[in-house]
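This report refers to the structure that appears directly beneath it.
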Amino acid sequence: QVQLVESGGGSVQAGGSLRLSCRHTGTVDCMAWFRRAPGKEREGVAGIDSDGRTTYANSVKGRFTISRDNARDTLHLQMNNLKPEDAAMYCCAAYPGPVIQALESWEYNSWGQGIEVTVSS
């Protein structure tokens, strides 16, 4: 059974940076970060497969970087130049095989509890 635990959230001013981490147990292949802001739908932010191929939402391209440390079973999301609209609950997700739509939530069957990111203007 896969378990995912996020860390690294917090509060930052606009223009600042945060690094989220997601430690997993069990076998995973594709992983991703999703976020949900109050009153909005869940949104796929970035995905990565077991070969390191990445996918990003247009809203975060050039600012966010997803990576994985397979030796430490950890997924990261480096978030730079944060904007107030990036504030949300961020959650990591995983699936024990390849996915087709890396930023679609229905592709994943394991989810973390989520961690809050606050960005002040």
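Nothing fancy with the numbering, it's 1 onward along the sequence. These numbers come from the heavy atoms of this one structure, side chains and all, not from hydrogens, waters or symmetry mates.
Taken to the nearest 0.5 Å, the NE2 atom of His24 stands 6.5 Å off from the CG atom of Asn70. Here the CG-CD distance, from Leu103 to Glu43, works out to 8.5 Å after rounding to the nearest 0.5 Å. Expressed to the nearest 0.5 Å, how far CZ of Arg68 lies from OG1 of Thr54 amounts to 11.5 Å. Note: Ser7 OG to Arg19 CZ = 9.5 Å, rounded to the nearest 0.5 Å. Between Asp86 atom CG and Arg35 atom CZ the span is 4.5 Å, to the nearest 0.5 Å. Remark: Cys91 SG to Leu4 CG distance equals 7.5 Å, nearest 0.5 Å.
In this structure, the side chain of Asp49 engages the main chain of Asp51 through a donor-acceptor pair within 3.5 Å. Not one N or O on the side chain of Arg42 forms a donor-acceptor pair closer than 3.5 Å with the backbone of Glu104. Without hydrogens or angle criteria, Glu6 side chain to Cys92 main chain gives a donor-acceptor distance under 3.5 Å. Using modelled atom types, one side-chain atom of Glu107 and one backbone atom of Gln101 make a donor-acceptor pair closer than 3.5 Å. Side chain of Arg23 to main chain of Arg72: a donor-acceptor pair is present (N/O by atom type, distance under 3.5 Å, no hydrogens or angles).
Taking the six-membered ring where tryptophan is involved, the planes of Tyr108 and Phe34 are perpendicular, since the angle between them exceeds 60° and thus also 30°.
The closest side-chain heavy-atom distance from Leu75 to Ile66 is below 4.5 Å. Under the 4.5 Å side-chain criterion, counting only non-hydrogen atoms from C-beta, Thr65 is in contact with Tyr56.
By the salt bridge (charged side-chain N to carboxylate O under 4.0 Å, His left out) test, Glu116 pairs with no residue at all, sequence neighbours left out.
Scanning both residues, Ala102 and Ala32, for their nearest heavy atoms gives O-CB, 3.9 Å. When all heavy atoms of Ala88 and Ala37 are compared, the closest pair comes out as CB-N, 3.8 Å. The minimum heavy-atom distance linking Ala14 with Pro84 is given by the pair CB-CD, 4.1 Å. In this structure, His76 and Asp69 approach most closely via the heavy-atom pair NE2-CB, 4.4 Å.
Cluster membership for Tyr95 and Met31, using ILVMFWY side-chain heavy atoms within less than 4.5 angstrom, is not shared. There is a path of hydrophobic side-chain contacts, each under 4.5 Å, that joins Met79 to Ile115. In this structure, Val99 is not a member of the same hydrophobic cluster as Val28, with clusters built from ILVMFWY side-chain heavy atoms closer than 4.5 Å. In terms of hydrophobic clustering, with Ile, Leu, Val, Met, Phe, Trp and Tyr side chains grouped at heavy-atom distances under 4.5 Å, Met89 and Val12 are assigned to different clusters.
At a cut-off of 3.5 Å, with distance as the only test, a side-chain donor of Ser50 or Asp29 sits close to an acceptor on the other residue.
The 12-atom threshold is exceeded at CD of Glu85, counting heavy atoms of other residues, nucleotides or ligands nearer than 6.0 Å.
Note that Arg36 lies outside the cation-pi zone of Trp111, set by a 6.0 Å cut-off to the ring centre and a 45° limit from the axis.
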